[in-house]
Amino acid sequence: MLNRDHEAIMLQEVGGVSGLSDLLKSNLDRGVSSNEDELLQRRDIYGANTYPRKKRKSIWRFVFEACQDLTLVILMVAAAISLSLGMATEGVKDGWYDGGSIFFAVFLVIFVTATSDYRQSLQFQHLNEEKQNIQVEVIRGGKRVGASIFDLVVGDVVPLKIGDQVPADGVLISGHSLAIDESSMTGESKIVHKDQKAPMLMSGCKVADGYGSMLVTGVGTNTEWGTLMANLSEDIGEETPLQQVRLNGVATLIGIVGLSVAGVVLVVLWIRYFTGHSNNPDGTTAFVAGTTGAKQGFMGAISIFTVAVTIVVVAVPEGLPLAVTLTLAYSMRKMMRDKALVMHTKRFTKKNLYSSINLCFWFRIQVRRLSSCETMGSATTICSDKTGTLTLNKMTVVEAYLSGTKLNPCDNTGMMFSSVASLLVEGIAQNTAGAVFSPEDGGAAEVAGSPTEKAILSWGLEIGMNFTDVRSKSSVLRVLPFNSVKKRGGVAVQVSDAYVHIHWKGAAELVLASCKSWFSVDGSVHPMSSDKYNELKRFIDDMSMSSLRCIAFAYCTCELSMVPREDLDKWQLPEENLTLLGMVGIKDPCRPGVRDAVQLCSAAGVKVRMVTGDNVETAKAIAFECGILNAKDAASETIIIEGKVFREMSETAREEVADKITVMARSSPNDKLLLVQALKRKGHVVAVTGDGTNDAPALHEADIGLSMGISGTEVAKESSDIIILDDDFTSVVKVVRWGRSVYANIQKFIQFQLTVNVAALVINVVAAVSSGAVPLNAVELLWVNLIMDTLGALALATEPPTDNLMKRHPVGRREPLVTNIMWRNLFIQALYQITVLLVFNFDGKRIFHLHNESRERADKMKNTFVFNAFVFCQIFNEFNARKPEEKNVLRGVTSNRLFMGIVGITTVLQILIIEFLGKFFGTVRLGWKLWLLSVAIGAVSWPLAYVGKSIPVPARPFQDYLKHCCAWRRPRRRDEEQGGKS
């Protein structure tokens with residue numbers, strides 16, 4: 001392996017790049033053979049381009065982490081005390097039920113949590129491997145083929161272009177203006193220019209400018225990047241904005257209330273117990289001072305403490321973060337079927353976030369940051385590229401103007417003078433980052449490069465260009481790659497011992513403005529008169545209004561003596577006094593469905609803005625074709641602006657005009673950044689699409705950065721939150737739809753959980769304060785907690801997005817998570833449950849005619865019914881939570897099989913608990929009449945919800961009323977009222 005400290009010496013010792021290629025049995029032009037046996041042999045000798053992964057955590061580690069939950073630890077301690085004292089006082093046979101039941105419930109929670117986390121950790125590890133699986137181009141057997149970065153071998157020849165990541169250690173074969181950002185390896189932000197004097201390339205670095213090709217000399221752990229990555233740990237937690245701000249606030253509030261209630265219940269029950277106001281199941285006084293033994297008294301106190309702890313378990317909303325992750329997880333799993341979404345992140349492995357990671361490969365979107373899913377649902381505007389996002393990115397030359405004449409058809413160059421045709425072909429073949437490969441079997445030529453380059457090269461082949469022959473007749477001296485700011489690219493080629501041709505290619509109106517002459521049909525050169533300039537400008541406008549991308553070719557000649565002999569990389573190619581060779585119009589049709597997607601965004605309150613490098617007329621034509629502009633916009637305040645005009649405005653002026661901008665033409669990446677900043681200052685939640693390296697600042701600045709998976713560079717992808725794998729705008733709309741679905745499902749679960757919290761807490765508190773006993777014991781509350789947190793979250797997380805989601809306006813940054821509609825639904829259901837169940841709790845013996853039963857039997861029967869009715873209230877309330885705003889809560893329920901399955905499983909388990917597991921839960925069997933009554937009490941919540949949703953709610957958030965009522969105001973002094981000073 002070459003050492004960078006002695007790179008030049010060692011490389012020269014082996015005969016330079018050519019000698020090194022011979023040693024590696026490779027070919028600088030054709031690469032290595034594509035034969036699988038040879039590639040496998042190279043991997044065996046030189047190693048694979050992978051690095052060892054850190055050993056994953058075992059399932060026992062997750063079990064240990066689950067056991068560290070404070071409430072579960074307290075419950076286990078209480079269960080251990082209850083178990084030991086129960087067995088000591090009542091014997092092993094009957095004394096283990098209470099403590100053993102709590103232990104069983106706690107271990108069940110630990111098992112479910114650990115298993116889920118372990119499974120998701122496996123998915124996370126596999127996902128991280130996929131994240132590193134960058135697709136690269138490699139030359140094998142003389143052809144450019146796509147390959148995984150993991151499949152590279154020593155000896156491969158890899159083309160590099162701006163924005164690429166250097167996939168392995170290697171040596172530069174040839175390059176033009178190649179500049180490498182080595183900050184990821186050296187820590188220095190300086191851009192390093194690569195040439196034959198400094199040819200070493202390090203894996204993991206980014207191509208900042210230019211293009212070239214490299215010979216792979218080291219892969220995997222034989223590179224510094226591989227060694228570094230093998231030693232890195234990716235176990236870094238990230239919470240989403242919904243968790244950080246809104247959910248954490250709700251969770252804190254509920255937790256404080258729950259702890260306060262549990263403390264009140266604990267104090268009240270202990271006071272009643274130790275003052276002799278609590279009774280045993282048989283009716284005797286539970287504690288009599290001076291008579292009750294220490295063990296029995298301690299046992300009673302522990303039993304009360306266990307009830308208080310289980311109230312905390314129910315009150316502490318552990319299901320809220322789980323609901324976020326389950327909602328994201330299931331939403332993305334459903335999106336798999338639409339081939340729409342794949343999680344792809346590099347920095348969140350917090351245990352309650354594992355569920356949000358899914359292995360959904362081969363799909364259209366990669367989400368690099370969990371928070372982007374939520375944020376995208378709140379997006380108010382999308383600044384979209386044109387090429388490849390709104391259009392198909394399948395470009396073909398459909399019009400051509402050469403020698404001042406339109407060609408019909410566009411490849412009919414027979415009328416052109418031979419010298420002009422040869423100059424045009426020379427410009428096409430040399431001034432390109434693409435390539436043409438002619439198969440040895442004589443088949444059709446294969447064209448590689450960007451869509452624009454492929455379109456021009458394909459047209460060049462149609463007009464008779466022999467790519468290899470043309471390039472061999474001249475030598476390249478200097479290359480200026482296409483620049484998104486200047487909208488052009490140039491090349492200087494030596495054609496003889498005395499002259500150099502400088503070819504330019506780029507935006508037609510910009511290249512035309514630099515031309516001082518043009519070629520006529522007979523090959524003669526004429527000065528560019530104003531009439532001719534206007535005629536050519538009309539050609540450009542006509543093509544632009546037909547939504548064609550206009551590209552012009554021009555050249556000039558200079559003497560070889562004018563070319564600097566040293567520091568060619570600093571030579572500024574002449575850009576003025578050019579001679580126009582011709583112009584072409586390239587068609588890139590709109591994507592199918594993009595017009596409907598744009599209209600869907602408009603209906604959803606999301607404004608789509610097109611930001612493109614094309615000229616105004618082309619941009620306007622495409623915008624009309626895509627539905628971004630319509631006939632009404634021509635008379636409205638909608639603004640179609642050029643990037644240069646917007647750039648030259650003051651910051652205040654940009655803010656004023658940003659809202660009205662629908663199309664920005666001839667924009668640079670910096671113009672896009674300025675637009676994003678102006679829109680954010682106006683309060684918008686901005687999503688931005690980008691594909692180039694220079695788009696990285698705008699992608700980073702936006703609330704949601706969306707990079708292109710096909711045309712996007714690695715730098716753009718690294719700066720983005722979401723990768724659109726198919727570069728399709730309809731996929732962007734799917735992200736908005738599913739982002740809103742995530743938020744809506746979280747709200748559904750919160751409404752459901754808050755109802756359970758309020759009802760359970762109030763019932764137990766009222767019962768404890770008034771009678772000294774609680775109808776819902778520790779094990780029953782743990783079962784309710786399991787229904788509420790895990791099963792409830794999963795059931796409500798499986799709701800797919802509905803059409804109504806895209807008819808709403810985006811959720812504002814400051815809008816409350818719990819809306820007035822949710823508060824209305826919550827209070828109605830909670831009040832109903834509390835009222836009915838407290839009636840049965842206090843008067844159940846009379847209602848059920850249990851006077852002839854023993855007190856213990858009657859209390860158990862009554863408490864079992866309250867518990868059963870309470871659970872069925874929650875089961876039926878899950879249906880209500882599905883549709884917080886709709887009266888018909890059953891619409892579409894049968895299409896959600898998982899929801900129905902979870903409800904069915906919950907019901908079956910509840911039946912098993914009452915009928916067969918009574919000893920563990922402290923319940924007794926119920927007759928069929930009480931079963932029907934329990935179900936009926938739960939079912940009443942449906943018509944109650946139907947009626948309740950007719951009650952109007954105020955527009956002002958309920959939280960604002962609370963803040964207003966709770967605000968403390970200092971009385972104003974008389975002098976203040978009179979305007980005086982204190």
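Basis for what follows: all heavy atoms, side chains included, without hydrogens, waters or symmetry-related copies. All values reported here derive from a predicted model rather than from experimental measurement. Numbering starts at 1 and runs along the sequence shown.
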**Q.** Verdict with supporting geometry, Lys672 and Asp385, side-chain contact (heavy atoms from CB on, under 4.5 Å)
**A.** CA-CA 10 Å; Lys672 186 186 293 187; Asp385 278 344; 2.8 Å; yes

Q) Could you go step by step and tell me if Glu701 and Gln677 meet the side-chain contact (heavy atoms from CB on, under 4.5 Å) rule? A) CA-CA 7 Å; Glu701 177 71 21; Gln677 291 172 339; 3.8 Å; yes

Q | Residue pair Arg647, Ser668: steps toward the side-chain contact (heavy atoms from CB on, under 4.5 Å) verdict | A | CA-CA 9 Å; Arg647 187 189 321 143; Ser668 68; 4.0 Å; yes

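Expressed to the nearest 0.5 Å, how far CD1 of Ile428 lies from CG of Leu423 amounts to 11.0 Å. Taken from CD1 in Ile661 to CD1 in Ile640, the straight-line distance is 11.0 Å, to the nearest 0.5 Å. To the nearest 0.5 Å, atom CD1 of residue Ile628 and atom CD1 of residue Ile382 are 10.0 Å apart. A distance of 11.0 Å separates CE in Met708 from OG1 in Thr387, rounded to the nearest 0.5 Å. Remark: Leu160 CG to Leu201 CG distance equals 6.5 Å, nearest 0.5 Å.
The pair Asp469-Lys473 meets the salt-bridge criterion, with a side-chain N (NZ, NE, NH1 or NH2) lying under 4.0 Å from an Asp/Glu carboxylate O. Using a 4.0 Å cut-off between charged nitrogen and carboxylate oxygen, Glu509 and Arg666 count as a salt-bridge pair. A salt bridge is defined here as a Lys NZ or Arg NE, NH1 or NH2 lying under 4.0 Å from an Asp or Glu carboxylate O, and Glu535 with Lys532 meets this definition. Checked for salt-bridge contact, Glu453 and Lys505 meet the test: a charged N lies under 4.0 Å from a carboxylate O.
Checking side-chain atoms of Ser422 against main-chain N and O of Ser418 turns up a donor-acceptor pair under 3.5 Å. In terms of modelled atom types and a separation under 3.5 Å, the side chain of Arg478 and the main chain of Leu573 share no donor-acceptor contact. Distance alone, capped at 3.5 Å, places no donor-acceptor pair between the Arg609 side chain and the Val663 backbone. Formation of a donor-acceptor pair under 3.5 Å by the Gln196 side chain with backbone atoms of Ile173 is found in this model. No donor-acceptor pair under 3.5 Å is formed between the side chain of Arg144 and the backbone N or O of Gly434. Judged purely by atom type and a 3.5 angstrom limit, Trp504 has no side-chain atom pairing as donor or acceptor with the backbone of Glu576. The backbone N or O of Ser26 lies less than 3.5 Å from a partner atom in the side chain of Ser21, making a donor-acceptor pair.
Taking the six-membered ring for Trp and thresholds of 30 and 60 degrees, Phe539 and Tyr401 have nearly parallel ring planes, at less than 30 degrees apart.
For the side chain to side chain donor-acceptor pair (under 3.5 Å) criterion with Arg549, the lone passing option out of Thr612, Thr618, Thr452, Asp588 is Thr452.
Note on residues 453-480: no pairs pass ring pair (Phe, Tyr, Trp, His ring centres under 6.0 Å), not counting sequence neighbours.
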